[in-house]
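Structure record follows, encoded as structure tokens.
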Amino acid sequence: MRNRLKVLRAERDWSQSDLAERLDVSRQSVNAIETGRYDPSLPLAFKIAELFDLPIEEIFSKD
Amino acid sequence: MGYPRNPAQRRYVLRVAVAMAAYIVTLAAAIRLVGGGAVTGPPAYLLALLPGLSVAGVFWAVARLLVEEQDEYLRMLLVRQVLVASGFTLTVATIWGFFENLRLVAHVDAFYIAVLFFFGLGLGSCYNWLALRGGGEGR
């Protein structure tokens, strides 16, 4: 699964730590999701979508 | 696991420290009292049980960390680490058992299975590191 997390984060000038704090996850988690090494669970994907105020499909897409 | 950063990991470190301290104390007591013959019968069994239960406290701490870790990605890494450790331990113990049964190797006390598991946790940690470094398999 691909995602636009890095772009969305950069648009807001957030570091990985900033985003991790807002999502209440570790920085390692943000890094793993951004680099495609880990696909988040549905609840976490919803949380990410809610934070960026976007539908999930505008953040995550199939390879 | 690295430096503990969240409350679940801090509790894990504390629990392991307590279990290990209990292990050292109870093992010393069991060797001195049971091994020295000062305690016999049912009390000896009870005393001999305590070092093993202390080590089981570490297994319990790992289980609690799996339950209490709120970060799903870190929990996934821990699950994989424990699976590697379990697979390694069961494999080595089974192979050694057959070798021992066929008198190809010397007898090894069963409590070394716990040592194998802890070594396996280290292997699991290495596996996680390699998988992350390679960029794949982190799912």
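The chains referred to below are lettered A, B, ... by the order of the sequence lines, with proteins before strands, and numbering in each begins at 1.
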Straight-line distance of [X] [atom1] to [Y] [atom2], nearest 0.5 Å:
X	Y	atom1	atom2	result
A/L44	B/Y73	CG	OH	13.0 Å
A/Y38	B/L77	OH	CG	9.0 Å
B/E72	A/D39	CD	CG	10.0 Å

Within 6.0 Å of CD in A/E58, more than 12 heavy atoms from elsewhere: yes
Tell me whether [Y] is reachable from [X] by hopping between hydrophobic residues (I, L, V, M, F, W, Y) whose side-chain heavy atoms are closer than 4.5 Å.
X	Y	value
B/F88	B/F99	no
B/L53	B/L14	no
B/I113	B/I95	no
B/L47	B/L27	no

Under 3.5 Å donor-acceptor, B/D71 side chain and A/S26 backbone: yes
Under 4.5 Å from any heavy atom of chain B - which part of A/P40: both
